[in-house]
Novice: 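Sharing a structure here in structure tokens format.
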Amino acid sequence: MYGMLAGTAIPVAVSSIVSAFYQRCKSMEAFKQLHARFIILGHRHLPHSALRPIISFSSLHPTGDLHYAILILLSVPIPLISTSSSSRYLFNTVIRGFARRQKNQHNPTRQQQHSSTPLLLLLLLLRRMVDASVSPNNFTYTFLIQACAVPSAMLLGWQIHSVVTKNAFLDDRYVRNSLLQFYSICCGLDETRRLFTEFEDYADVVSWNSLINACLKRGEVSEAFVLFDRMPEKTTVSWNNMMTGLIRHKRLDTARVLFDEMPERNIVSWTVMISGYSQAGEVSEALGLFRLMQMSHRNLNSAVLVAGLAAASQLGALEHGKWIHGYIRKRQVRMERSLTTALVKMYANCGCVDLAMQVFYDDAVEKDVSTYTAAVLGLAVSGHGREAMSLFKQMKCLGIEPDGVSYIAVLCACSHMGWVEEGSHHFNEMVHVYGIEPELDHYACMVDLLGRAGHLQEAEKFITSMPVEADNVVWGALLNACRIHGNPTMGRKVGKMLIESDCGHDGRYIALSNLYSESRMEENAQQIRRIMKKRNVERIPGISSVDLNGTIYES
DNA sequence: TTAGGGTTAG
């Protein structure tokens, strides 16, 4: 039966060769080419033996094509589906593909972006299962519930919840935990809690972690702590989960207490803590932890390397960054996009734009908008405005759509080069062609661009015409421009306003006082310093760091 | 027969 090709009986041996052929296929293209050959040879359907490898690959592989898997499965004649023992497995695999895509959409930095697959197709698939009398099992329901774990699929998820209850599939802990996760994503905390209470007697460590995560995501930190203390058993994931939530709510010190207390740390624990420190600007602490981790872990994954690179990048710790790059080469760590992007940023921030571009061209096999943006920014700040702009153009030509951050890099390049017109053109392009809403950073870049080029009046006019209220960064850019171009009249107005709105910020006083000094208005400069003293504003010295043979010196 | 849940990553 399985060797049937559009009504033509073929020997079983041929069928098994076909299957072997399929199993060796490593890409969607290879599968599709073989499929085309079958069609050209006059067969309407794929041999059944080929269905499993092709459906598995196109549903589950990161480069797979879920639509194709659905089409293939829907084109199998109903009588054949009904009589085959592996049909349920095939349906489950495709539904699992849906589930996986939903998850990745939540987490876009992971693997490639799949275009979203409409829910309608999922319903079509379910309909086909019913028509062919293929009964769902606990795997089917687990995948289905996961596939519904997006707000747009809430109603379907609820329906499946009732089906699952009616058919006694809640006995399965995977089904229960998937449901809990669905509620925590699609519904409120109250509903999630209620579901948990229903299962509490059967709750395992995963259920507890899910509920705690739901609390943490909604800022209920104290409730999360109560649950964490109450849970009957904790795994490393439980501790990591708690730490992640605390860091998200700026409770870095509390997270560190947990980190020190936890009985066993894995690579995720270290990653969470290191990136927590680095994102909070406590970069030396982050690097210190990274070094400590190296003593206990020999196999570093890309996540922890990204965290280490982010810290190195902020601190300008070139040797440290180079060590990580060497590790990646030696251990042949896969050059994921997040990893190459982190490398490009690190080299650029350490002032080695050549090395950054070398990584960009030689190492970065996969590039996305962040990889390009990192390179464009690196070129821009190191004074290679022309190269930055041509790389940006190249990116657009390749069909990679720029985002808001890309335009920060572009405006920065224009600002450094004094290209007012080009900068304004790109600002408009961002808004009108790509529909990106400008943020305060974009406005600050524009003010910087106009101001540096000496168009002070225009910069001021730009600020007053902004649809949102300018913040101190935007006004600060104008003050800086006043200083560069020696305009104490406007500088005084802007500087005073800045000081009044942010009277504890030392930089505002210094900027204004420097402006006076440079305009030979020593008396006014002194006055500003006196006000500063009277208000007890300490001058915090800027810290710069230098990496000498792996030791960071701060001055 | 095969498969499934909770944590990290620009």
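Computed over heavy atoms, backbone and side chain alike; hydrogens, waters and symmetry mates excluded. Letters A, B, ... mirror the listed sequences (proteins, then strands); counts begin at 1.
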Novice: Classify Asn92(A) by what it touches in the nucleic acid, base, sugar-phosphate, or nothing, heavy-atom distance under 4.0 Å.
Specialist: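 Since a base atom lies under 4.0 Å of Asn92(A), the category is base.
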Novice: Does Arg230(A) come within less than 4.0 Å of Glu200(A), counting only side-chain N to carboxylate O?
Specialist: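 Salt bridge flag = yes for Glu200(A) with Arg230(A).
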Novice: Quick check on dG4(B): is either OP1 or OP2 less than 4.0 Å from any side-chain nitrogen or oxygen of Arg96(A)?
Specialist: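 Yes, such a contact exists.
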Novice: Whether Arg193(A) and Asp190(A) form a salt bridge (side-chain N of Lys/Arg under 4.0 Å from carboxylate O of Asp/Glu) is what I want to check.
Specialist: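 Yes, this pair counts.
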Novice: Output yes when Glu223(A) and Arg218(A) qualify as a salt bridge under the 4.0 Å nitrogen-oxygen rule, no when they do not.
Specialist: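 Salt bridge flag = no for Arg218(A) with Glu223(A).
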Novice: I want to verify a distance call: between dG4(B), dT7(B), dG10(B), whose nearest atom is closest to the Val237(A) side chain?
Specialist: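 Between dG4(B), dT7(B), dG10(B), the one nearest the side chain of Val237(A) would be dT7(B).
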Novice: Taking the side chain of Val268(A) as its heavy atoms from C-beta onward, which of dA9(B), dT8(B), dG4(B) lies nearest to it?
Specialist: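 Closest nucleotide to the Val268(A) side chain: dT8(B).
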Novice: From the set dG6(B), dG10(B), dG4(B), return the single nucleotide nearest to any side-chain atom of Val405(A).
Specialist: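 So the side chain of Val405(A) is nearest to dG10(B).
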Novice: Have a look at Thr235(A) and say if it touches a base, only the backbone sugar-phosphate, or nothing, with a 4.0 Å heavy-atom cut-off.
Specialist: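 The residue Thr235(A) makes base contact.
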Novice: Is there a donor N/O on one and an acceptor N/O on the other, under 3.5 Å, for the side chain of Ser370(A) and the base of dG10(B)?
Specialist: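 Per atom types, the contact qualifies.
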Novice: Is Arg88(A) near enough to dT2(B) that one of its side-chain N or O atoms lies under 4.0 angstrom from OP1 or OP2?
Specialist: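 For dT2(B), OP1/OP2 do not have a side-chain N/O of Arg88(A) under 4.0 Å.
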Novice: Between dG6(B) and Lys103(A), is there an OP1 or OP2 to side-chain N/O distance shorter than 4.0 Å?
Specialist: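 For dG6(B), OP1 or OP2 has a side-chain N or O of Lys103(A) closer than 4.0 Å.
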Novice: Taking atom OG1 of Thr93(A) and atom CZ of Arg88(A), what is their separation to the nearest 0.5 Å?
Specialist: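 Output value for this atom pair is 12.0 Å.
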Novice: Hey, is the side chain of Asn213(A) poking within less than 4.0 Å of OP1 or OP2 on dT7(B), counting only N and O atoms?
Specialist: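 The answer is yes; a side-chain N or O of Asn213(A) sits under 4.0 Å from OP1 or OP2.
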Novice: Between the side-chain atoms of Ser210(A) and the base atoms of dG6(B), is any donor-acceptor pair under 3.5 Å?
Specialist: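 No.
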Novice: Salt bridge or not for Asp363(A) and Arg329(A), using N-O below 4.0 Å?
Specialist: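 A salt bridge links Asp363(A) with Arg329(A).
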Novice: Ser338(A) side chain: which of dT8(B), dT2(B), dG10(B) is closest?
Specialist: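 That would be dG10(B).
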Novice: Can you identify which nucleotide, out of dG6(B), dT8(B), dA9(B), has its nearest atom closest to the Val206(A) side chain?
Specialist: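 So the side chain of Val206(A) is nearest to dG6(B).
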Novice: Hey, is the side chain of Ser207(A) pairing donor to acceptor with the base of dG6(B) inside 3.5 Å?
Specialist: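 Under the 3.5 Å cut-off, the side chain and the base do not form any donor-acceptor pair.
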Novice: Check every atom of dG10(B), dA3(B), dA9(B) against the side chain of Phe139(A) and return the nucleotide holding the closest atom.
Specialist: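 Nearest nucleotide to the side chain: dA3(B).
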Novice: When you get a sec, tell me which of dG6(B), dG4(B), dA9(B) is the closest nucleotide to the side chain of Asn209(A)?
Specialist: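 Minimum distance to the Asn209(A) side chain belongs to dG6(B).
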Novice: For the side chain of Glu336(A), counting heavy atoms from C-beta on, which of dA9(B), dG4(B), dT7(B) is nearest?
Specialist: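 Side chain of Glu336(A) sits closest to dA9(B).
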Novice: Side chain of Lys345(A): nearest nucleotide among dT2(B), dG6(B), dG10(B)?
Specialist: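 Side chain of Lys345(A) sits closest to dG10(B).
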Novice: Can you tell me whether the side chain of Asp204(A) and the base of dG6(B) have a donor-acceptor pair closer than 3.5 Å?
Specialist: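 Such a pair does not exist between side chain and base.
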Novice: Ignoring the backbone of Asp172(A), work out which of dG6(B), dG4(B), dT7(B) is nearest its side chain.
Specialist: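 In terms of side-chain proximity for Asp172(A), the closest of dG6(B), dG4(B), dT7(B) is dG4(B).
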Novice: Looking only at N and O atoms, is any donor in the side chain of Asn241(A) or the base of dT7(B) less than 3.5 Å from an acceptor on the other one?
Specialist: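 No such pair is found, so the answer is no.
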